[in-house]
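Report on the following structure.
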Amino acid sequence: MPFIFHGETREFFRIWIVNTLLTLLTLGVFSAWAKVRKRRYFRGNTELFGDRFDYTAQAPRLLIGNAIVVLLFLAYALFGAVYPVVRGGAVLLFIALLPWIVVRSFSFNAHNTMYRGLRFRFHPSVSASAMLYLLKPIVIVLTLGLYYPAWARDRQIFSLSRHRLGTAYFRLELPAGSFYGTYFLGGCLVIAAAIVAGIVSFLIAKLNDGHSLTQLQLLPAILVYGAAAYIAKHFIFAEIFKRVWNEVRLDEHHFRTRMDSGEWVGMQIFHLLAMIATCGLAYPWAAIRSARYLADHLEFVPAGPIETIARVGSTAGSAVGDTAAEFAGVDFGL
Amino acid sequence: MSEPTPARYYDGETLAAKPVLVALTLSSLHVTGENLDLTVPFADAARASRLGRLPRFVRMAGGGHLALPPDAELDARIDRSTAPSRYARLLHTLESHTHAATGALLLLVVLLTGSIWFALPALARRAAYATPVELEERAGRAAFAVFNQQIGGISNLPPEKAGWAQGSFWRMVTAKNPHVQPRLLLLDLNVPNAFAFPGGIVVMSDSIVHLAYNEPNGADLLCAIFAHELAHVERRHGLQLVLRHSATLVTVATITGDLSTLTAFSTTLPFLLIQRGYAREFEREADLDAIALLRSAGIDPNALPRALELLEKQRPSSGTTDFTYLSTHPSTEDRVQSLRALK
């Protein structure tokens with residue numbers, strides 16, 4: 001049973017531009033409402049079995065989270081410039097809070113996502129989160145990054161396996177070495193680009209009478225490297241998406257994806273060029289196209305009737321975690 | 001009672017979905033379907049505000065949910081009977097009209113450029129000038145400590161050259177009479193470089209002193225560089241830059257709505273360009289101030305372009321990674337030309 005995405009570029013552009021303007025006019029206060037409307041738009045336009053998803057978060061809860069995060073950031077940037085202790089303290093505090101922030105953010109978003117009148121739910125475990133976000137990064141450093149693909153796999157399992165919809169549990173099992181091939185290819189691409197960038201810079205330096213390079217002359221190297229990093233990022237996203245969604249189970253039901261990494265990467269390059277050419281105004285178009293592609297290439301394969309899935313009691317997550325988690329680049333793309 | 005509209009009903013207990021017919025009376029929703037006949041007063045039905053042409057979800061007291069199809073007439077009837085907030089209605093109206101969107105787009109472009117080029121810099125300038133000197137000095141010392149830890153090297157200039165440099169520095173300080181008590185720190189850096197920290201710490205590399213020492217009227221060259229750095233100090237450029245950067249970062253983050261986008265290539269690029277633009281603006285300001293200061297101290301203002309050319313010639317030839325001086329400055333050639341044109 002395929003997912004269907006009904007979002008439209010023109011409609012979303014109007015919503016996005018009006019909300020962005022209001023955000024600027026209200027000095028950022030409206031951003032909480034803008035974010036809720038954006039998420040509602042994407043979830044509400046995603047259909048499965050003829051029924052739409054819904055996002056029910058209350059903007060004022062996000063607003064509190066936004067305010068706290070902005071204050072923390074300003075304290076870090078401004079007070080930190082005067083009192084280095086504040087800067088170090090803010091970073092340490094943030095790292096110490098990260099496991100809690102991630103868990104709260106998953107809980108908040110899961111709780112506020114509904115399908116057919118039932119809420120999703122994230123089973124919070126701060127200790128598991130601390131293991132994942134505090135201890136394992138140390139292993140990554142100690143192994144000079146070799147552990148990173150294993151950590152990426154653990155993160156997927158952590159975020160997906162702790163979700164449930166009503167009484168039905170999401171389950172994800174992946175062999176330990178799952179993402180090594182993907183990250184190896186991505187890594188090769190970036191390293192190759194670095195070598196090319198190095199050679200290009202060297203040649204320019206030769207033409208430059210042996211003087212060191214100005215920033216302008218470094219531009220070709222930066223562009224080559226940036227483009228490779230961008231391609232690698234989206235290639236890795238697509239490969240992980242495929243691996244994960246072909247393995248995820250919801251009780252006995254499962255999912256299937258026919259995503260093509262090459263197609264996805266090509267599309268994202270096109271989006272980036274369009275964004276640059278339009279100074280960012282192509283964003284709604286790119287967002288809608290990406291969402292449509294993902295929905296078009298994802299299927300739900302029921303093993304039997306899903307109507308037996310029922311409601312369980314639930315608790316709401318916290319919106320502080322929601323905003324703060326985005327700060328660290330953690331968000332889930334369900 | 002209105003014409004019944006087909007809708008979907010979820011009981012909130014299981015994942016079952018039921019096709020139903022919904023009719024509106026003046027005060028309630030009437031839901032009928034297989035084994036189902038509900039009358040729910042509007043007061044017990046929470047509806048999300050309208051958004052695009054999304055189905056309208058209605059959460060009813062008792063746990064049931066309705067997904068009403070997007071239907072203008074039905075929406076209007078619901079809105080009439082339940083009087084949604086004026087803001088929600090206005091927002092939806094704006095979001096639904098192409099003209100409103102076009103207007104919003106134009107206004108947004110004007111506001112964004114206005115705030116990035118005028119409002120934020122003006123605010124940062126006010127805040128920087130309002131910052132107590134004690135805080136400014138603290139910030140400068142903190143930044144210098146980090147710098148010194150990473151790059152600093154103890155000066156090994158012979159005392160007569162060091163004294164000669166300090167002499168030029170104090171000549172300029174006396175002429176400038178800045179709001180803080182500046183001091184010159186000579187350091188052994190691997191490139192000819194000079195810069196100012198907030199609160200008056202000016203750093204100069206040994207190599208600049210050596211270079212200038214061997215030039216005719218070398219003291220004037222040092223004076224020109226110090227005049228430029230003292231202009232940065234007096235105009236609180238360091239503080240302004242920190243304030244502007246933080247403010248732009250917060251603005252970009254709020255506008256794009258997702259803080260995570262800050263790490264994305266497409267948002268870091270414009271951010272870096274804005275930063276570079278700010279830095280260049282400060283360099284031009286400092287150049288102009290320096291010329292004025294040199295004049296008032298009775299030094300040939302030509303010393304500044306000469307000093308720049310000297311540094312440019314001495315740019316290290318091998319692929320060094322230290323671009324701090326040159327990267328944030330407008331190209332030396334441009335500066336030299338515009339400075340010569342000033343006379």
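Reminder, nothing fancy here: chain letters follow the sequence lines and each chain counts from 1. Scope of the values below: all heavy atoms of this structure, side chains included, with no hydrogens, waters or symmetry mates.
Proximity to chain A (any heavy atom under 4.5 Å) is shown, for B:Leu112, by both the backbone and the side chain. Using a 4.5 Å cut-off between heavy atoms, A:Leu27 does not touch chain B at all. In this structure, chain A has no heavy atom under 4.5 Å from any part of B:Thr102. The contact between A:Phe30 and chain B is made entirely by side chain atoms (from C-beta outward), counting heavy-atom distances below 4.5 Å.
Residues from residues 139-148 of chain B that place a non-hydrogen atom less than 4.5 Å from a non-hydrogen atom of chain A comprise B:Ala139, B:Ala142, given in numerical order.
Residues B:Leu111 and A:Leu21 form a side-chain contact, since some pair of their non-hydrogen atoms from C-beta on lies under 4.5 Å apart. Inter-residue side-chain proximity for B:Leu105 and A:Leu281 is flagged as met; some heavy-atom pair is nearer than 4.5 Å. Proximity of B:Leu54 to A:Asn45: side-chain heavy atoms (C-beta onward) are separated by under 4.5 Å at one or more points.
Just one residue in the list A:Val18, A:Ile17, A:Leu25 forms a side chain to side chain contact (heavy atoms under 4.5 Å, CB included) with B:Leu108, and that residue is A:Ile17.
Ranking B:Thr131, B:Leu66, B:Leu135 against chain A, the residue ahead of the rest is B:Leu135, based on heavy-atom pairs under 4.5 Å. Counting heavy-atom pairs under 4.5 Å between each of B:Gly238, B:Ala67, B:Gly103, B:Gly52 and chain A puts B:Gly52 at the top. In terms of heavy-atom pairs under 4.5 Å with chain A, the best-connected choice from B:Leu243, B:Thr98, B:Leu91, B:Asp11 is B:Leu91.
Taking the ring pair (Phe, Tyr, Trp, His ring centres under 6.0 Å) definition, one finds that A:His253 meets it with A:Phe300, sequence neighbours left out.
The environment of OH in A:Tyr225 is sparse: at most 12 heavy-atom neighbours from other residues, nucleotides or ligands sit within 6.0 Å.
With hydrogens and angles ignored, the 3.5 Å screen pairs a side-chain donor or acceptor of A:Arg116 with a backbone N or O of B:Leu15. Side-chain N or O atoms of A:Arg14 include one that pairs as donor or acceptor with a backbone N or O of B:Glu95 at under 3.5 Å.
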